[in-house]
Amino acid sequence: MYRKFYLTLTLISALVVLAFALLAAYREATPEWKTYRSEYRKLFIEKAEAAGKEAVLPDMDIQQIYLPELQRVDRCTNCHAGVDNPLMADAEIPYRQHSGDYLQNHPVERFGCTVCHQGQGRATNKKEAHGEGRDTHWDYPIIPLKYIQSSCAVCHDLDMLERSGADKVAEGARLFRQKGCKGCHKLNGVGGVLGKYLDGVGSQPIAYFPMKYIKGEKTVYSWLRQHFEDPRSIVPGSLMKVNLTAGEADLLTTYMLSLRSEEMPARYRRIRHAGAEETPDGESLYRMYCIACHTTGKKSVYDSIFKRTIPAIMDPAFLRTANDLFLKRVIKEGRTGTPMTAWKAGGAGLTDEEINRIISYITRDRPASAGQAARGIITAKRITGDIPLQPADALWRRAQEFTVPLMLVGQAPDPMDRLVRVRALYNDRDIAFLVEWEDETRDVSLGVNTFRDGVALQFPVQNTVEPSFRMGQGKGRDSRGMVNIWFWKADVQESLDRGGRKAGLSPVENLTATGFGTLKLKEDASVPVYGRGQWLNGRWRVVFRRAFSGHEGDAVFTAGVLTPVSFAVWDGAEENVDGKKAVSAWYYIVPGR
Amino acid sequence: MNRSGMDKFKENLKNIRASFAASLLRTKRPISGRSRAAVMLNNFFLHIQGVRTNINTLRPSYTFGLGLVSLFLLFFTTISGILLMIYYSPSTGEAYNTVKDITYVVFAGSLMRNVHKWAGEGMIIFVMLHMARVFYTGSYSRPREFNWLVGIMLLILTFVLNLSGYMLPWDQLSYWALVIVSNIIQSSKELTDALGITPYFDIGGMAKEFFLGGTVPGKATLIRVYFLHIMLLPILLFIFLGVHFWRIRKDGGLSRPAGSAEKSVFSWPDLLRAETAVFMLCLAGVLVYSFYVDAPLREMANPLIPENPAKAPWYFLGLQEMVSYSAFMGGIVAPGLAILGLALIPYLDREDGHAGIWFSGRQGKITALQSMFAGAAVLAGLLAFVIRFGWFRNWWPDVPQILIIMVNPAGIWVAFVALWSLRVIKKTGSTRMGAIALFTMFLVGYVMLTYVGTELRGPNWEFYWLKSQWPMH
């Protein structure tokens, strides 16, 4: 039945089977590498004859370098057959001998190829061995020669590389330290948190890198270089700051590629440090961690990427009032609501010693007049009996006097050293401050063209991490950045003095704020702040007194515990009003035991 | 020297071909009726077939050789699989490398892998086509009901074998398919979650953990999938295959129209000739396809880089599409009902007399066409609606999940298929017509949903007409 049909079908199919079996056999018997190998053998014989030497030809079997310790199988030498043959020094690629004397120290039998050059060692055709193109589905394409030094740093230390020819990766590492990259990027456990971690970035698969905006070939190498050149064109909305000259992007790319997650076996590594590892000095640390945002630190600048002003932390006017304790606390804890990172050991990972070095570097230009206040702590004296509201009371002499230097804001710098002198007392019921400052004029009226004198004390409501000393920060009812402000006004004092003392009235307003323009009277004013100011012989003396324990939203005091406090003074004669004033950074009041 | 001994030796040498043939066939040359019968009966490999074969069985347009094709594809996968097994190592560290070595340095290794892959996936297509042939020629009817069930079992085993093989290269495709499949296995969790009883009775989670040997794919998963792929599933497959063939004989050979001429020919050589032709054709097809198309191999499995979209292998993408509406409905109820519906067909349609005739005649052809168009239109409309307007969760974000489990496109499709089939039974007064409607719509559903899941779903399971429109990472 259907004899002819089935026989024809069998015959045709059998012919197809035979044809394709032969085709497949031919294809299998003539892989790409064999062509290269026989070409190499021909070339070898030619060169050997020309040199009058005997050619020891490799056989035609497949070759591989099996490196169990490196977990690699490299079959590159099937095509790159002359890699360690001196006769092939001037042959064309792929037959040419390896350049330089690298193979003397890195014999190919021990190191293979991909440990330095990457690519897919197991593959036996050019495209897949080089791993070029997404369709090869290989994460580690062959490294372009201009970045090849990145591989040296996997086994060698940078000191050694700098001296022996791998200058690009060493230079990249130096740039990495000097451009402040670790201000945002963590590496080996130290660094900021705004950017990505850089550990192992050199061996991250291509899928980690968004390639949408990459021009030209879409490799990790191109990504890194183009991202260094213009981060926001590759990652829209990126906060990364770059300040590189031509060529530096390539150097940094080389260094990035050297940050691999795979650890070489000890037998392969050659890390020799000249001496014991030294802690970098303050300046180097500042460059490593701070410079990307704070730059020279001499001028405050509006940062268009962060959309905020970055303060001039090395401006002498600021340094006058910025005591070491304040700087240390800000550096350690960071500034919530700002890009400033918490740099403590448990955060961005700096040690106290390193932070101290950075502070001494920052404050090296602090004017000598800042004096003893540099420590930043104001101790309140504990007394028994009532605390006088009268500034002239002799009891105040029992408290130690502390000097707090101020900086001018909203006006041209003052050649005179502006400062306030502060004394603090407390007992079982109350805590009180006496603030004194020099002012030639007594300005007690507020009119169209006349301005009053005033003084304010400011405390964070939650004093774990202090907010901006310029009236706090925050949004809505979020009290984390809220400050409590006690504001004494000379004009109110004047009218009270003239109208005689009325019970319960105070020249001090109890306010809250979460930044400029948010100042308002405390809703819950059940714990009032009393005060009294006196002008005598070119000097204001103002006393503030409040019950020791406040209510919600009031400054909190605890014996033996630091409460941040800052001061602001308005001079009516200088047309001081609102933001135009002299202020201090955070100081710390501690009720003594 | 013993002269007669030498003569005997020479004579034996001369007759070696004939005596070997006689020992192999256990009979004389099959040229007479008697010896042709004997050769079939006396050979281990041939005796599973009858001595005589009905001429209808040999008619190419009746069977299209689909069952045989499935069998031969199974042979090819088995042989190539054994070769691959020599080089493959089922450990997460080595699996990928050994597959690379098979591709790059084993002689014809790449070809073997291609043959294994394409013959295996070809089985899915041909087993389903074979099932369609058996169905539309009414061959499941008495006394072949049970063999239909065995066939369904073989279909399921084919799916699971393919799936388990997909996992073994341990590349990105394997890993993320494993993640998807383990989530489909876990899909009853959606119901227990909706009922709030997951903390006490997490059957989905248990099933997933049992399959993965942990909570995420890893070492334990690979070794158990390997065991399934090379041991348990093939053993089951061959057992069921034996039963399948044995039942064909016991049920009287292949079906044929009742009252057709009971004309038969000797199996040797007519049947064997046909089988050889199919074998050669099959081998040629697999060889040519495998010569030109390489089995895919992506980057090594990396749990930190999700493929987007992460897809199951293509033959499960219809399922994944339904799971995207509701895990419980798409992953458990719909496939469960499909298998149950298929299995029950021969018991709910007891009409005899149609066997051996394609579509049981004109009415069947019309019913099949109507069901195909109606099913395709309704399903396309349903899919278009979901893609364009979304479903409950898009309209009312707080809608209880149990409502989505009960009312979702997959459920509506299943309900439509059931109602349509019942309506056909009522209208035509024939259970066979109902069965044709049901089966046609099962095929339409499988093909269309698989197409949508494979070609039209991109990253985040969003709809795209073309892969080139996928947003680039």
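Numbered from 1 within each chain, the chains take letters A, B, ... in sequence-line order.
The contact between B:Val288 and chain A is made by backbone and side chain atoms together, counting heavy-atom distances below 4.5 Å. Neither the backbone nor the side chain of A:Tyr213 comes within less than 4.5 Å of any heavy atom of chain B. For a residue to count as touching a neighbouring chain, one of its non-hydrogen atoms must lie under 4.5 Å from one of that chain's; by this rule B:Phe266 does not touch chain A. In this structure, the portions of A:Leu23 lying under 4.5 Å from any heavy atom of chain B include both its backbone and its side chain. When heavy atoms are compared at a cutoff of 4.5 Å, A:Gln120 approaches chain B solely by way of its side chain, counted from C-beta outward.
When each of A:Thr8, A:Leu7, A:Leu18, A:Val16 is checked for heavy-atom pairs under 4.5 Å with chain B, A:Leu7 comes out on top. For the set B:Val105, B:Val278, B:Thr53, B:Thr276, the count of heavy-atom pairs under 4.5 angstrom toward chain A peaks at B:Val105. Comparing A:Pro205, A:Ala123, A:Ala29, A:Ala19 by how many heavy-atom pairs each has under 4.5 Å with chain B, the most go to A:Ala123.
Between B:Asp101 and A:Arg122 there is a salt bridge, since a side-chain N of the basic residue sits under 4.0 Å from a carboxylate O of the acidic one.
A donor-acceptor pair under 3.5 Å is absent between the side-chain atoms of B:Arg273 and the main chain of A:Thr10, judged by distance alone. Remark: the backbone N or O of B:Phe107 is not paired with any side-chain donor or acceptor of A:Glu28 at under 3.5 angstrom. Under a 3.5 Å cut-off, the side chain of A:Tyr6 and the backbone N or O of B:Leu58 do form a donor-acceptor pair.
Just one residue in the list A:Val73, A:Thr124, A:Ile62 forms a side chain to side chain contact (heavy atoms under 4.5 Å, CB included) with B:Tyr104, and that residue is A:Thr124. Each of B:Leu283, B:Leu111, B:Leu287, B:Val286 was evaluated against A:Phe20; a single residue qualifies, B:Leu287, per the side chain to side chain contact (heavy atoms under 4.5 Å, CB included) test.
By the neighbour-count criterion of 12 heavy atoms within 6.0 Å, atom NZ of A:Lys127 is densely surrounded, having more than that number from other residues, nucleotides or ligands. When the shell of 6.0 Å around CZ of A:Arg3 is examined, it contains 12 or fewer heavy atoms from other residues, nucleotides or ligands. Counting heavy-atom neighbours within 6.0 Å of B:Arg29 CZ, excluding the residue itself, gives a total of 12 or less. Atom OH of B:Tyr464 sits in a crowded spot, with more than 12 heavy atoms from other residues, nucleotides or ligands closer than 6.0 Å. Within a 6.0 Å radius of NZ in B:Lys467, other residues, nucleotides and ligands contribute more than 12 heavy atoms.
To the nearest 0.5 Å, the span separating CG on A:Leu11 from CE on B:Met280 amounts to 10.0 Å.
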Could you go step by step and tell me if B:Arg298 and A:Asp135 meet the salt bridge (charged side-chain N to carboxylate O under 4.0 Å, His left out) rule?
CA-CA 9 Å; B:Arg298 295 283 186 80; A:Asp135 56 338; over 6 Å; no
Output, in order, the C-alpha distance, side-chain angles, deciding distance and verdict of side chain to side chain contact (heavy atoms under 4.5 Å, CB included) for B:Asp270 and A:Tyr2.
CA-CA 8 Å; B:Asp270 283 274; A:Tyr2 307 101; over 6 Å; no
Decide side chain to side chain contact (heavy atoms under 4.5 Å, CB included) for B:Leu297 and A:His137; before the verdict, give the C-alpha distance in whole Å, the side-chain angles of both, and the deciding distance to 0.1 Å.
CA-CA 8 Å; B:Leu297 185 62; A:His137 297 298; over 6 Å; no
Side chain to side chain contact (heavy atoms under 4.5 Å, CB included) between A:Trp138 and B:Glu299, intermediate numbers included
CA-CA 6 Å; A:Trp138 189 248; B:Glu299 293 86 354; over 6 Å; no
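Across B:Ala284 and A:Ser13, no two heavy atoms sit closer than the pair CB-O, 3.8 Å.
Of residues 60-99 of chain B, those residues with a non-hydrogen atom less than 4.5 Å from any non-hydrogen atom of chain A are, in numerical order, B:Pro60, B:Tyr96, B:Asn97.
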